[in-house]
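Beneath this line is the structure, given in structure tokens, with notes to follow.
Note that this is a predicted model, so its numbers are computed, not measured. For ligands, and for the atoms within them, numbers begin at 1 and follow the listed sequence. Values below: every heavy atom of this structure, side chains too, minus hydrogens, waters and symmetry copies.
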Amino acid sequence: MSGHAHEGRLIVISGPSGVGKTTICHALRGRGRIVRSVSATTRAPRPGEVHGRDYFFLKREDFIAKREAGGFLESAEYAGNLYGTPKDFVEEQMRDGNHPLLEIEVQGVTQLRKQGWPGIYVFIAPPSIDDLRKRLEGRGNMPPEVIARRIQVAEEELKHKDLYDFTVVNDVIDRALAEVLQILDRNPFRRE
Ligand code: 5GP
């Protein structure tokens, strides 16, 4: 089903792991009619993550049952874990004229595009792959093989920029955030 009958539109923020998507999404929260969509995942919570706030942490079998029941707008497997956007929440919010903010990886974006969901699709890109590697290393919590794998995935993701309406290079976070805000301001979003 397509979302064209809805008043709200999606704001989709995507890009490689480590690029700063989460920081940008945090800053967008609560602006105008933007509401963050909380995804479901089968990965284990990281220290500090809260069920229902950061993710809905589901057992694999429960995730699959929900997926089979058509409970997700899109879903994908990433680094061995399943991720999905709960459909009810997003549809409800769009019906109410709100704009669900989705922070998702590229397979999910492909599915949303195929289904024709209206929205603004933004790709956050690193200045370079080398820069991305340094950022992932700087997090200090990933073994070298995990970093190598994420870099490999990032190189793949960078090939799909054509899925997006805009690409924002995150060189300096404040500048990148300002650019995202400008993009949203220039596009027809209902504000109140
Ligand atoms: P992480 O495990 O680091 O929180 O997330 C891994 C990747 O999965 C990130 O690129 C994140 O944006 C993406 N992701 C999170 N939730 C979803 C979702 O509901 N659907 C899809 N397709 N990707 C998601």
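Between E156 and K159 there is a salt bridge, since a side-chain N of the basic residue sits under 4.0 Å from a carboxylate O of the acidic one. Taking a cutoff of 4.0 Å between a charged side-chain nitrogen and a carboxylate oxygen, R133 and D130 qualify as a salt bridge. A salt bridge links R43 with E49: at least one charged nitrogen is closer than 4.0 Å to a carboxylate oxygen.
A distance limit of 4.0 angstrom between heavy atoms and ligand 1 selects the residues K21, S39, R43, R46, Y55, E74, A76, Y78, Y83, G84, T85, E103, I104, E105, G108, R150.
Looking only at atom types and distance, the side chain of E105 has a donor-acceptor partner in the side chain of Q107 under 3.5 Å away.
Relative to the ring axis of Y121, R113 places its NZ or CZ within 45° and under 6.0 Å from the centre.
For Y83 and F63, the gap between ring centers reaches or exceeds 6.0 Å.
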